[in-house]
Amino acid sequence: MSKIAAIKGTRDFYPEIMAVRNWIVDGWKNASIRNGFVEYDCPIFEYLELYTRKSGDEIVSQLFSMTDRGGRDLAIRPEITPSLARMVNQQINSLPRPIKWFSVPRLCRAEKPQKGRLREFFQWNCDIVGSDSILADAESIYTAVDYLRGLGLTAEDIVARISSRSMLAEILKSMGFADEQLNTVYSLLDKMPKVSPDAFKEMATEQITDPSLREQMLKLPVVKTLDDVEALAASEPAKAAVAELCELFDILSAMGIGDYCKFDIQIVRGLAYYTGPVFEIFDRKESLRAVCGGGRYDSLLTILGGPQVPATGFGMGDVVLEILLREKGKLPELSGSIDYFVIDAGKEMFDRALKLVCEIRSHGRSASFSYKRQNLGKQFKTADAQKAAFAVIVGEETVENNEITVKELATGQQQKISVTDFLSSL
RNA sequence: GUGAUAGUAGCUCAGUCGGCUAGAGCACCAGAUUGUGGUUCUGGGGGUCGCGGGUUCGAGUCCCGUCUUUCACCCCA
């Protein structure tokens with residue numbers, strides 16, 4: 001019989017890797033909780049329409065879909081935000097606002113695997129629903145940076161590049177662009193960092209036929225600061241949008257992460273549903289794809305048949321994050337280990353040793369022992385292989401005066417102690 | 001979906017011009033020291049050389065296809 005392989009783009013989490021994953025997920029959960037978010041979850045599959053409603057039919061080729069026995073079209077979740085919107089919609093009138101929810105869903109996308117992108121991964125999501133305050137956007141960005149900063153990543157290591165969809169739209173409109181032309185410019189800006197200036201001009205010439213509009217648009221890549229962009233804001237709405245983004249930066253500075261944040265007009269987040277401030281977090285070298293991305297999406301609940309409710313949030317995947325942390329040497333040494341390994345000094349002491357194992361366990365500490373009756377050397381080897389912190393020897397003196405020998409394996413120091421004292425010290 | 005890259009033991013790899021029964025290190029298992037490990041010594045298991053076809057007296061090696069890996073593009077919620 002041939003062996004059956006794992007599906008491409010998926011990972012097996014052997015204990016060593018599982019420890020890393022747990023460490024990452026625990027960090028996400030802690031950061032969420034200390035920033036005032038509460039956890040939720042939902043099914044790993046949904047009606048296909050939940051995703052096509054938001055992203056269009058083209059999305060179907062990029063997710064894993066299936067038909068159930070009743071002929072219903074379903075899909076494994078490629079993201080959790082539509083489910084979040086569905087859940088919020090269902091209880092919209094009874095949930096106290098702002099709703100600050102987080103989740104760490106396992107997601108699947110039918111992608112071609114490459115660096116930082118797999119077909120199955122975990123993604124930390126934090127969302128704030130029911131507030132249109134710029135403070136919510138600030139808190140969303142702060143939470144993501146707070147987590148990364150907590151791992152020891154400095155403003156030298158990472159940067160949150162921030163812009164605003166609504167601001168860009170108002171600027172473009174004040175330049176004379178029509179609503180239906182906006183997506184073209186978004187997509188151009190998004191591609192800009194990947195192509196040469198000449199190639200960029202060529203793309204612009206191709207896609208924006210009106211020469212004066214094109215000339216206006218080509219001013220955008222030159223924009224480096226919010227002051228630059230303010231000079232381009234010709235209309236009142238545009239000025240207001242710039243002012244809002246300035247306020248966001250002021251708040252982020254007040255929160256103490258100003259040095260992690262940088263205005264970048266190129267951040268448009270694809271053609272997604274974003275309606276306001278948007279951001280992506282990168283490594284400073286920008287050799288990796290974004291480790292985190294998010295922004296304001298005020299129309300999603302409406303798209304799913306709910307009322308108009310403002311929302312903002314972000315997602316952070318585990319794949320790029322792990323690569324980044326490995327590169328930066330920020331992954332801790334993690335090893336599964338046990339507290340006590342109990343060794344018998346002879347077959348006739350084994351019952352007593354086994355009893356001690358169970359007593360240690362009932363005190364809430366981990367304990368293990370060898371299944372084979374072997375000499376001390378072998379049992380010590382096993383204790384070492386299992387990375388036990390202490391070895392406990394049960395011998396003649398245990399039978400005679402209820403004493404055991406406890407040896408700290410790292411230092412080699414050992415001492416005799418009564419079983420009673422030992423157990424009460426646990 | 002497009003292009004490139006690679007695929008030999010659990011892992012990292014060697015394998016000459018196509019030629020005996022395909023190797024090494026690490027890992028794993030077992031022995032050697034009869035109350036002390038992590039760092040000794042000895043031995044062992046484990047491979048249809050990704051899979052399928054072709055060329056050849058003979059294929060890990062050459063050719064074609066296919067699957068998978070890695071990387072980039074498209075896309076990126």
Side-chain angles (χ1 to χ4, degrees), chain A residues 1-12 14 16 46 50-56 58-63 75 77-85 105 107-119 121 123 125 127 186-187 190-191 194-195 267-274 278 280 287-290 292-295 297 300 303 313-317 319-320 323 337 341 343-347 349 353 370 372-398 404-414 416:
Chain A
M1 290 290 277
S2 58
K3 289 178 187 168
I4 297 175
I7 292 174
K8 72 171 166 185
T10 64
R11 292 167 290 178
D12 289 324
Y14 288 87
E16 222 168 86
E46 294 270 5
L50 184 69
Y51 306 112
T52 55
R53 191 83 76 82
K54 174 187 148 250
S55 307
E58 317 81 64
I59 197 74
V60 176
S61 64
Q62 295 180 64
L63 44 75
R77 59 188 182 188
E79 55 171 328
I80 202 174
T81 316
S83 305
L84 164 76
L107 305 177
C108 292
R109 298 177 184 174
E111 312 248 29
K112 192 142 188 170
Q114 53 193 283
K115 191 175 187 183
R117 267 175 99 178
L118 300 175
R119 291 187 149 194
F121 56 96
Q123 190 184 63
N125 282 257
D127 290 278
Y186 294 161
S187 138
D190 194 42
K191 294 219 168 48
K194 292 181 185 171
V195 299
I267 299 297
V268 293
R269 301 286 294 145
L271 300 179
Y273 45 63
Y274 293 102
V278 286
E280 291 182 346
S287 59
L288 301 174
R289 52 183 73 240
C292 175
Y297 55 98
L300 182 59
I303 294 168
F314 69 85
M316 182 185 296
V319 182
V320 176
I323 296 171
S337 63
F341 192 94
I343 290 170
D344 67 76
K347 265 187 274 198
M349 265 78 82
S370 174
K372 285 176 280 194
R373 304 283 47 84
Q374 301 169 306
N375 62 36
L376 282 200
K378 280 280 158 59
Q379 293 185 72
F380 264 100
K381 267 196 173 122
T382 310
D384 196 60
Q386 295 191 11
K387 294 178 181 134
F390 296 92
V392 179
I393 303 170
V394 173
E396 299 290 351
E397 65 276 18
T398 314
I404 50 175
T405 302
V406 178
K407 177 171 182 175
E408 187 175 10
L409 290 175
T411 62
Q413 290 183 344
Q414 64 179 52
K416 283 192 178 179

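Every chain is numbered from 1, with letters handed out A, B, ... down the list of sequences.
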Pick the C1' atom in B:G10 and in B:G47, then give their distance to the nearest Å. 12 Å

Just so I know, are the side chains of A:F380 and A:S370 near enough to count as touching, which here means a heavy-atom distance under 4.5 Å? no

Whole angstrom is fine here: how far is it from CD1 in A:I4 over to C1' in B:G50? 15 Å

Would you say the side chain of A:I59 lies within less than 4.5 Å of the side chain of A:K54, judging by non-hydrogen atoms? no

5'-most contact on RNA chain B (nearest-nucleotide basis), A:E280 vs A:G9, goes to A:G9

How far does the P atom of B:A9 sit from the matching atom of B:A14, given to the nearest Å? 12 Å

What is the pairing partner of B:C75, taking Watson-Crick or G-U wobble pairs with both distances under 3.5 Å in any strand? none

Picking from B:C29, B:G35, B:C75, which would you name as closest to the side chain of A:R117? B:C75

Looking only at atom types and distance, does a side-chain atom of A:S55 sit under 3.5 Å from a main-chain N or O of A:T52, one as donor and one as acceptor? no

Listed nucleotide nearest any side-chain atom of A:E111, set B:G38, B:G35, B:C75: B:C75

Whole angstrom value for the distance that separates P of B:G37 from CG of A:L409: 11 Å

Without decimals, in angstroms, what is the distance between A:R119 CZ and B:U70 P? 12 Å

Counting N and O atoms only, with roles assigned by atom type, does the side chain of A:R109 sit under 3.5 Å from a partner on the main chain of A:F121, one being a donor and the other an acceptor? no

A:K378, nearest nucleotide to its side chain (from B:A77, B:G35, B:U33): B:U33

Map A:K191 and A:T405 onto RNA chain B by nearest heavy atom, then report which one ends up closer to the 5' terminus. A:T405

What I'd like to find out is whether the side chain of A:K372 reaches to under 4.5 Å of the side chain of A:K378, using heavy atoms alone. no

Shortest side-chain distance from A:P113, nucleotide among B:U70, B:A77, B:U36: B:U70

Can you tell me whether the side chain of A:K8 and the base of B:U68 have a donor-acceptor pair closer than 3.5 Å? no

Rounding to an integer number of angstrom, what distance separates B:C57 and B:G52 when you compare their P atoms? 23 Å

Check the distance between B:U36's C1' and A:I404's CD1 and give it to me in whole angstrom. 15 Å

With heavy atoms under 4.0 Å as the rule, sort A:E397 into base, sugar-phosphate or nothing. base

What nucleic acid atoms does A:Q414 come within less than 4.0 Å of, heavy atoms only: base, sugar-phosphate, or nothing? base

Any donor-acceptor pair under 3.5 Å linking the side chain of A:Q379 with the backbone of A:Q374? yes

To the side chain of A:K115, which of B:U36, B:A77, B:A72 is closest? B:A72

Do A:R77 and A:E46 sit within salt-bridge range, that is, some charged N less than 4.0 Å from a carboxylate O? no

What is the distance, rounded to the nearest whole Å, between atom CD of A:E408 and atom P of B:G38? 18 Å

When the P atoms of B:U61 and B:C17 are considered, how many whole Å apart are they? 15 Å

Which part of the nucleic acid, if any, lies within contact of A:G412, taking any heavy atom under 4.0 Å across all strands shown: a base, the sugar-phosphate backbone alone, or nothing? base

Are any non-hydrogen side-chain atoms of A:D384 and A:F341 less than 4.5 angstrom apart? no

For the side chain of A:D127 and the backbone of A:N125, is there at least one donor-acceptor N/O pair under 3.5 Å apart? no

Counting distance alone, no hydrogens or angles: does the base of B:C75 have a donor or acceptor under 3.5 Å from a partner atom on the side chain of A:R109? no

Short heteroatom pairs, N/O only, protein and nucleotides 1-6 of chain B, under 3.5 Å:
from : atom 1 : to     : atom 2 : distance (Å)
B:U2 : O4     : A:K112 : NZ     : 3.0

Would you mind pulling out the nucleotide paired to B:C20, Watson-Crick or G-U wobble, both distances under 3.5 Å? none

In whole angstroms, how far is the P atom of B:C29 from the NZ atom of A:K381? 11 Å

Closest nucleotide among B:A77, B:U33, B:G35 to the A:I393 side chain: B:G35

Tell me: CD of A:Q374 to P of B:G37, nearest whole Å? 13 Å

Between B:G44 and B:G23, how far apart are the P atoms? Round to whole Å, please. 13 Å

Length of the line joining A:L118:CG and B:C71:C1', which is rounded to integer Å: 13 Å

Taking B:U70 as the reference, what is the distance to B:C13 when you measure between their P atoms (whole Å, please)? 14 Å

Checking all strands, does A:L63 fall into the base, sugar-phosphate, or nothing category for heavy-atom contacts under 4.0 angstrom? nothing

Reckon A:A410 touches a base, only the sugar-phosphate, or nothing at all at heavy-atom distances under 4.0 Å? base

For the residue pair A:L409 and A:K387, establish whether any side-chain heavy-atom pair is separated by less than 4.5 Å. no

Per atom distances to the A:E396 side chain, the nearest of B:G35, B:U36, B:A30 is B:G35

B:C20 to B:C11 separation - P atoms, rounded to the nearest Å: 26 Å

B:C51 and B:C41, which share atom name C1', separated by this distance in whole Å: 42 Å

